[in-house]
**Student:** 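Here it is, the structure in full.
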Amino acid sequence: MTSRTQVAIIGAGPAGLFLAHLLHRAGVSALVIENRSRAYVEGRVRAGVLERTTVELMDKLGVGARMRREGIVHQATNIAVGERLFRVDFTEVSADALVMLYGQSEVMRDLGDAAVEREIPIVYEASEVALHDVDSDAPSVTFTHEGKVQRIACEYIAGCDGFHGVSRGTIPESVRTTFERVYPFGWLGVLADVPPCMHELVYANHERGFALASMRSPTRSRYYVQCSVEEKLEDWPDERFWDEVSLRLGSSVAPHITRGASFEKSIAPLRSMVCEPMRWGRLFLTGDAAHIVPPTGAKGLNLAVSDVIFLAEALVERYAGNGSGSTAGIDGYSARALARVWRAERFTWWFTSLMHRFPTMEGFDRRMQSAELEYLAESKAARAVFIENYIGLPL
Ligand code: APR
Ligand code: PHB
């Protein structure tokens, strides 16, 4: 069976669903094709720090009500270095500087519910998704759903299918360049229904490695410790995890940690990756399909959001005046998106390098980290640079 849409969106993660809502709002037809179930997509545990642009997009799309009720506004973050703890107050740069703590699963649920209400078509559990004739004027997507092979004829394809998706690989190797850094460690993360240890986040640089205290709600906490990617989860019973994270966060934070049974525990590797260009013919890559950032600073979701804002603008411009609109936005998409991507890559690489123990680090490197952290604690100018990046660079 063949059907037709203007834009085929591959993947119903944050990039795919934000794009679907933006296009729907502008009257551009789109179909989302996702290979997993809705429950799986919404159940994935990811970071939960929203930049202002993401918060404002939720509002603009009319899906921000629950976030406004349940999200937690932060106007500062904390950095622990050994036994020292200092606070970075975002209002040093402007009175309304903030980030919103609201889990990605909640964002996905709100987008998913609104998609049902608005009758935005999403095919979940589609298998064998394949992109065809992407460099022609008549691209299409095929997939199998409920045992039937379907073909979607479209005008553009948005590859929003994450790091492991099919879209990036559709671009011939002769056309694309991948820039990559794989870090020699991972993050062991734990979710537990215990109150957060501090009002704001705590990022720790400790001689035993990085640690982070984060939260999802006043009763749910998210903690991480740097570990080797070879570690086994069974070697990390809850007690060992709580002991380690308490040690690394330091003695001014540790007494405030409430321990409890974890209900999610996983190890994630850290990687930086950028694929250039982000467009080939009628295919546009967005979000994790085009780039990966290490989680330090929680930029992944926010970067997917800026990509789709740029792409939606370009497509809406193209479809203006009954399809006779300008292709300037489309032609400029890759360069515009990449400029912001590289700035976020720079910040997450810097923040990761500053906060972790690398196996190859020597005394000099450790002293450089200490000097840089000291500078951040003491200099308002250094903090202004950190804050500008942490709360989100302007589009
Ligand atoms: N066909 C269809 N869908 C696919 C395919 C495929 N071949 N491969 C993957 N997908 C789906 C995945 O199941 C997932 O739901 O594409 C979606 C991609 O979502 P994410 O990986 O979340 O990527 P993105 O939407 O770019 O979001 C980026 O969100 O998940 C976090 O770590 C991520 O913070 C980053 C941000
Ligand atoms: C998280 O809450 O999962 C989180 C918060 C901040 C980060 C990374 C992850 O920098």
Side-chain angles (χ1 to χ4, degrees), residues 13 36 40 43-49 79-82 104-105 162-165 168-169 178-192 201-214 216 221-250 253-254 257 259-275 288-289 291-301 345 347-366 368-370 373:
R36 311 300 291 250
Y40 176 88
R44 280 181 306 198
V45 178
R46 295 285 155 82
V49 182
I79 297 184
V81 189
Q104 183 173 311
S105 338
F163 182 62
H164 299 287
R168 189 172 65 256
T178 304
F179 300 89
E180 198 167 30
R181 162 120 338 148
V182 178
Y183 299 89
F185 42 73
W187 279 15
L188 167 62
V190 153
L191 262 178
L201 272 52
V202 187
Y203 291 88
N205 175 316
H206 188 272
E207 61 185 26
R208 293 172 65 90
F210 171 79
L212 168 61
S214 181
R216 292 287 175 274
S221 300
R222 178 76 166 151
Y223 286 95
Y224 299 95
V225 293
Q226 173 188 348
C227 67
S228 150
V229 279
E230 267 94 53
E231 298 271 338
K232 303 226 168 353
L233 283 179
E234 55 267 32
D235 293 334
W236 282 93
D238 287 352
E239 271 321 292
R240 179 178 175 206
F241 182 86
W242 291 120
D243 287 346
E244 189 64 31
V245 81
S246 302
L247 194 68
R248 295 189 192 184
L249 288 167
V253 178
I257 296 177
R259 298 182 177 211
S262 69
F263 64 89
E264 201 270 347
K265 197 183 274 166
S266 53
I267 296 175
L270 270 70
R271 177 194 299 269
S272 302
M273 186 280 288
V274 180
C275 166
D288 279 17
H291 42 74
I292 296 290
V293 285
T296 334
K299 292 291 171 215
L301 168 64
E345 290 284 350
F347 176 68
T348 52
W349 159 81
W350 170 84
F351 199 21
T352 301
S353 309
L354 178 65
M355 300 305 291
H356 292 76
R357 285 294 127 132
F358 288 69
T360 52
M361 272 177 95
E362 294 172 359
F364 183 82
D365 305 294
R366 305 261 289 265
M368 281 299 110
Q369 281 191 340
S370 304
L373 286 160

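Here the structure is a predicted model, which is why all the values come from computation and not from measurement. Values below: every heavy atom of this structure, side chains too, minus hydrogens, waters and symmetry copies.
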**Student:** For side-chain contact (heavy atoms from CB on, under 4.5 Å), just list the numbers for Leu301 and Arg46, CA-CA rounded to whole Å, side-chain angles, deciding distance to a tenth of an Å, and then say yes or no.
**Tutor:** CA-CA 9 Å; Leu301 168 64; Arg46 295 285 155 82; over 6 Å; no
**Student:** I'd like to check Thr296 versus Leu270 (side-chain heavy atoms, cut-off strictly below 4.5 Å). Are they in contact?
**Tutor:**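 Thr296 reaches Leu270 side chain to side chain.
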**Student:** Grab the two heavy atoms, one from Leu354 and one from Asn205, that are nearest each other, plus how far apart they are.
**Tutor:**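 That would be O-ND2, 2.8 Å.
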**Student:** Not counting sequence neighbours, which residues clear salt bridge (Lys or Arg N to Asp or Glu O under 4.0 Å) with Arg271? List them please.
**Tutor:** Glu180
**Student:** ring-ring contact (aromatic ring centres under 6.0 Å, His included) with Trp242: which residues, sequence neighbours excluded?
**Tutor:**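 In terms of ring-ring contact (aromatic ring centres under 6.0 Å, His included), with neighbours along the sequence ignored, Trp242 is linked to Tyr223.
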**Student:** Does the side chain of Ile267 come within less than 4.5 Å of Glu231's, by heavy atoms?
**Tutor:**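 Glu231 reaches Ile267 side chain to side chain.
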**Student:** What pair of heavy atoms forms the shortest contact from Val293 to Gly300, and how long is it?
**Tutor:**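 So the two residues come closest at CG2-N, 3.7 Å.
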**Student:** Please say whether more than 12 non-hydrogen atoms of neighbouring residues, nucleotides or ligands are located less than 6.0 Å from CH2 in Trp349.
**Tutor:** no
**Student:** Go through the structure and list residues passing ring-ring contact (aromatic ring centres under 6.0 Å, His included) with Phe163, not counting sequence neighbours.
**Tutor:** none
**Student:** Does the Gln226 side chain pair with the main chain of Arg357, one donor and one acceptor, at a distance under 3.5 Å?
**Tutor:** yes
**Student:** Apply salt bridge (Lys or Arg N to Asp or Glu O under 4.0 Å) to Glu264 and list each qualifying residue two or more places apart in sequence or on a separate chain.
**Tutor:** Arg222
**Student:** Do you know the tightest heavy-atom contact between Ser262 and Ala192?
**Tutor:**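 Shortest heavy-atom contact: CA-CB, 4.2 Å.
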**Student:** Got a sec, which residues hit salt bridge (Lys or Arg N to Asp or Glu O under 4.0 Å) with Asp243, two or more places apart in sequence or on another chain?
**Tutor:**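 With sequence neighbours excluded, Asp243 shows a salt bridge (Lys or Arg N to Asp or Glu O under 4.0 Å) to Arg259, given in chain and number order.
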**Student:** Rounded to the nearest 0.5 Å, what's the gap from CG on Leu249 to CD1 on Ile257? Could you check?
**Tutor:**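 Going from CG on Leu249 over to CD1 on Ile257, the span is 5.0 Å.
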**Student:** What closest approach, in Å, do Ala261 and Asp238 show between heavy atoms, and which atom pair accounts for it?
**Tutor:** CA-OD2, 3.4 Å
**Student:** Using only atom types and a distance under 3.5 Å, with no angle test, would you say the side chain of Gln369 pairs donor to acceptor with the backbone of Ser353?
**Tutor:** yes
**Student:** What's the spacing between Ser266 OG and Tyr224 OH if we round to 0.5 Å?
**Tutor:** 7.5 Å
**Student:** How long is the straight-line distance from CZ of Phe185 back to CD of Glu230, given to the nearest 0.5 Å?
**Tutor:** 13.5 Å
**Student:** Which heavy atom in Thr352 sits nearest to a heavy atom in Thr348, and how many Å separate them?
**Tutor:** OG1-O, 2.5 Å
**Student:** Considering residues at least two apart in sequence or located in another chain, which fulfil the side chain to side chain donor-acceptor pair (under 3.5 Å) criterion with Arg248?
**Tutor:**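 Side chain to side chain donor-acceptor pair (under 3.5 Å) list for Arg248, sorted by chain: Glu244.
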**Student:** Hey, does Val225 have a side-chain heavy atom less than 4.5 Å from the side chain of Arg208?
**Tutor:** no
**Student:** Looking at residues at least two apart in the chain, or sitting in another chain, which of them share a ring-ring contact (aromatic ring centres under 6.0 Å, His included) with Phe179?
**Tutor:**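 Partners of Phe179 under the ring-ring contact (aromatic ring centres under 6.0 Å, His included) test: Trp342.
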**Student:** In chain order, what residues pass the ring-ring contact (aromatic ring centres under 6.0 Å, His included) check against Phe241, with sequence neighbours excluded?
**Tutor:**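 Phe241: no ring-ring contact (aromatic ring centres under 6.0 Å, His included) contacts found.
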**Student:** Output yes when Arg240 and Asp235 qualify as a salt bridge under the 4.0 Å nitrogen-oxygen rule, no when they do not.
**Tutor:** no
**Student:** Would one find more than 12 heavy atoms of other residues, nucleotides or ligands at under 6.0 Å from atom CD of Glu239?
**Tutor:**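 Atom CD in Glu239 is crowded, with more than 12 foreign heavy atoms closer than 6.0 Å.
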**Student:** Please report whether the ring centroid of Tyr203 lies less than 6.0 Å from that of Phe351.
**Tutor:**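 Centroid distance Phe351-Tyr203: below 6.0 Å, so yes.
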**Student:** Going by the rule side chain to side chain donor-acceptor pair (under 3.5 Å), which residues pair with Ser272 if we only count those two or more places apart in sequence or in a different chain?
**Tutor:** Tyr183
**Student:** So Val245 and Val190, do their side chains get closer than 4.5 Å, heavy atoms only?
**Tutor:** no
**Student:** Quick check for you: to the nearest 0.5 Å, what is the distance between Ile292 atom CD1 and Glu345 atom CD?
**Tutor:** 8.5 Å
**Student:** Using the side chain to side chain donor-acceptor pair (under 3.5 Å) criterion, which residues pair with Asp288? Sequence neighbours excluded.
**Tutor:** none
**Student:** Using side chain to side chain donor-acceptor pair (under 3.5 Å) as the criterion, list what pairs up with His356, not counting sequence neighbours.
**Tutor:** Trp187
**Student:** Please identify each residue that fulfils salt bridge (Lys or Arg N to Asp or Glu O under 4.0 Å) with Glu234, with sequence neighbours left out.
**Tutor:**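 If we apply the salt bridge (Lys or Arg N to Asp or Glu O under 4.0 Å) test to Glu234, skipping adjacent residues, there are no hits.
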**Student:** Do Arg36 and Arg44 come within less than 4.5 Å of each other through their side chains, counting heavy atoms only?
**Tutor:** no
